Amino acid sequence: MPELPEVEVTRLGVAPYLVSNLIVRNPSLRWPVPETARNIIGQTIRAVRRRAKYLLLDTDAGTCIVHLGMSGSLRILPRSTPAEKHDHIDLELENGRVLRFNDPRRFGAWLWCELPETAHPLLAKLGPEPLTDAFNVEQLHAALKGKKKAIKLCLMDNAIVVGVGNIYANEALFAAGIHPQAEAGKVDKERLTVLVAEIKLILAQAIKQGGTTLKDFTNAEGKPGYFAQKLHVYGRGGETCTQCGHMLSEIRLGQRSTVFCSLCQTR
DNA sequence: AATAACACCTGTGTGC
DNA sequence: TGCACACAGGTGTTAT
């Protein structure tokens with residue numbers, strides 16, 4: 001996912017360079033890559049930004065919107081590097097390099113928007129960025145008011161807060177001692193305060209770790225950095241709780257694997 | 001309106 | 001070894 005380090009690396013690699021060509025080998029991503037995506041050719045990338053998990057490449061003519069889906073990745077390579085399987089898109093730059101989009105599952109997206117991104121339907125209804133002050137206990141409490149569904153599903157709802165995926169939702173709920181199935185509207189403010197802090201902490205740590213991986217992004221290797229981080233519950237169903245030693249439970253919630261400690265996560 | 005289920009797609013690991 | 005199946009970091013769309 002394009003968390004902060006990846007955006008930063010992409011920024012350093014593609015801005016402020018002129019785009020000399022766009023090669024689309026396979027346009028069938030989540031949505032077909034539009035013809036208008038070619039409008040980036042001849043434009044200078046002024047800035048690279050991130051909103052939620054969308055990467056935004058700004059030019060004077062419009063903004064390229066990139067999403068990595070479940071399996072996408074971006075790399076900056078010498079233009080001569082041969083394309084491999086699932087290398088669907090190349091953004092060729094005048095600096096002799098190429099921003100290459102690879103995505104085996106093709107859940108990702110490569111779009112073009114000529115209006116401010118707030119007008120784009122994919123970005124219009126997104127909740128606050130978790131690492132900004134806009135995401136806070138007051139905001140979360142208000143957003144969860146009256147919600148009957150499980151707190152974990154709400155954390156993964158982009159209208160409430162963006163950027164909290166399955167790993168982080170599991171980990172943050174464990175850290176805050178909240179049961180993933182707790183009715184969202186009934187989690188008290190005290191707990192939500194802890195939860196907000198833990199989400200910020202865990203995401204910040206993940207970004208830090210992701211940076212380690214992304215620093216050598218020109219190497220062929222590399223799983224996302226946050227895989228290297230210490231995970232307390234994610235992927236550990238049936239193993240023992242790092243806090244109390246009890247066996248971790250694993251259930252499905254919204255078709256996503258959910259791991260928790262039934263002793264440590266009670267509310 | 002809110003919630004749950006489904007859809008998209010390929011790769012990998014497990015069990016028979 | 002082959003095959004069937006479950007599951008994977010996401011999220012918009014459709015059904016209930």
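So that the names make sense, note that chain A is the first sequence line, chain B the second, and so on, each numbered from 1. What's counted below: heavy atoms across the whole structure, side chains too, no hydrogens, waters or symmetry copies. Just so we're clear, the structure is a prediction, and the values are computed from it rather than from any experiment.
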- Does the pair A/Arg49 and A/Asp58 meet the rule for a salt bridge (Lys or Arg N to Asp or Glu O under 4.0 Å), with working shown? CA-CA 8 Å; A/Arg49 292 175 297 137; A/Asp58 289 331; 2.6 Å; yes

- Message: Would you say the base of B/dC9 stacks on A/Phe107 (centre-to-centre below 5.5 Å, plane angle below 30°)?
- Response: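 Answer is no, no stack.
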
- Write out all pairs satisfying side-chain hydrogen bond (donor to acceptor under 3.5 Å, both in side chains) with one or both partners inside residues 182-201 of chain A, taking only residues at least two apart or from two chains.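 Every pair satisfying side-chain hydrogen bond (donor to acceptor under 3.5 Å, both in side chains) with a residue in residues 182-201 of chain A: A/Glu138-A/Lys189.
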
Distance, rounded to the nearest Å, where [X] contributes [atom1] and [N] contributes [atom2]:
X	N	atom1	atom2	answer
A/Arg252	B/dC6	CZ	P	12 Å
A/Arg256	C/dA6	CZ	P	17 Å
A/Trp110	C/dG10	CH2	P	21 Å
A/Lys85	B/dG11	NZ	C1'	9 Å
A/Leu153	B/dA2	CG	C1'	12 Å
A/Lys152	B/dA4	NZ	C1'	14 Å
A/Arg236	C/dA8	CZ	P	17 Å
A/Leu29	C/dG12	CG	P	15 Å

- Message: Under the rule for salt bridge (Lys or Arg N to Asp or Glu O under 4.0 Å), what residues qualify as partners of A/Arg256, not counting sequence neighbours?
- Response: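 Checked A/Arg256 against salt bridge (Lys or Arg N to Asp or Glu O under 4.0 Å); zero matches.
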
- Euclidean distance for P, B/dC9 against C/dC3 (whole angstrom):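 Looking at atom P only, B/dC9 and C/dC3 are 23 Å apart.
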
- Query: How far, in whole Å, is B/dA5 from C/dC7 if one measures between their P atoms?
  - Reply: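 To the nearest whole Å, 15 Å.
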
Phosphate-side-chain proximity, [X] and [N], N/O vs OP1/OP2 below 4.0 Å:
X	N	result
A/His86	B/dT10	no
A/Lys147	B/dA1	no
A/Ser257	C/dA8	yes
A/Tyr234	C/dA8	no

- Message: Please classify the nucleic acid contact of A/Asn158 as base, sugar-phosphate, or nothing, using heavy-atom distances under 4.0 Å.
- Response: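 Sugar-phosphate, backbone atoms only, no base.
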
- Modelled atom types, side-chain donor and acceptor of A/Lys85 and A/Asn102, under 3.5 Å: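 Side-chain D/A pair, A/Lys85 to A/Asn102: absent.
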
- Message: Quick check: any donor-acceptor pair below 3.5 Å linking the side-chain of A/Arg106 to the base of B/dT10?
- Response: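 For A/Arg106, whose side chain was compared with the base of B/dT10, there is no donor-acceptor pair (under 3.5 Å).
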
- Task: Confirm from the modelled atom types if A/Arg105 and C/dA8 form a donor-acceptor pair under 3.5 Å, side chain to base only.
- Result: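 By the distance-only test, yes, there is a pair.
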
- Which pairs pass ring pair (Phe, Tyr, Trp, His ring centres under 6.0 Å) with one or both residues in residues 20-42 of chain A, sequence neighbours excluded?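 Every pair satisfying ring pair (Phe, Tyr, Trp, His ring centres under 6.0 Å) with a residue in residues 20-42 of chain A: there are none.
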
- Task: Supply the members, apart from A/Leu248, of the Ile/Leu/Val/Met/Phe/Trp/Tyr cluster built from side-chain contacts under 4.5 Å; use none for a lone residue.
- Result: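 Direct or chained contacts put A/Leu248 with A/Phe174, A/Val233, A/Val259.
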
- Query: Using a side-chain heavy atom cutoff under 4.5 Å and only I, L, V, M, F, W and Y, what cluster partners does A/Val194 have?
  - Reply: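 Once heavy-atom contacts under 4.5 Å are chained together, A/Val194 still belongs with nothing else.
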
- Earlier contact from the 5' end, DNA chain B, for A/Gln255 and A/Cys154: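 Result: A/Cys154.
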
- Is the shortest heavy-atom distance from the side chain of A/Arg38 to the side chain of A/Asn21 under 4.5 Å?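 The answer is yes; the side chains approach within 4.5 Å.
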
- Query: Stems in DNA chain B: runs of 3 or more consecutive Watson-Crick or G-U pairs, distances under 3.5 Å?
  - Reply: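 Looking at DNA chain B, the stems formed by three or more consecutive pairs are B:2-8 with C:10-16, B:10-16 with C:2-8.
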
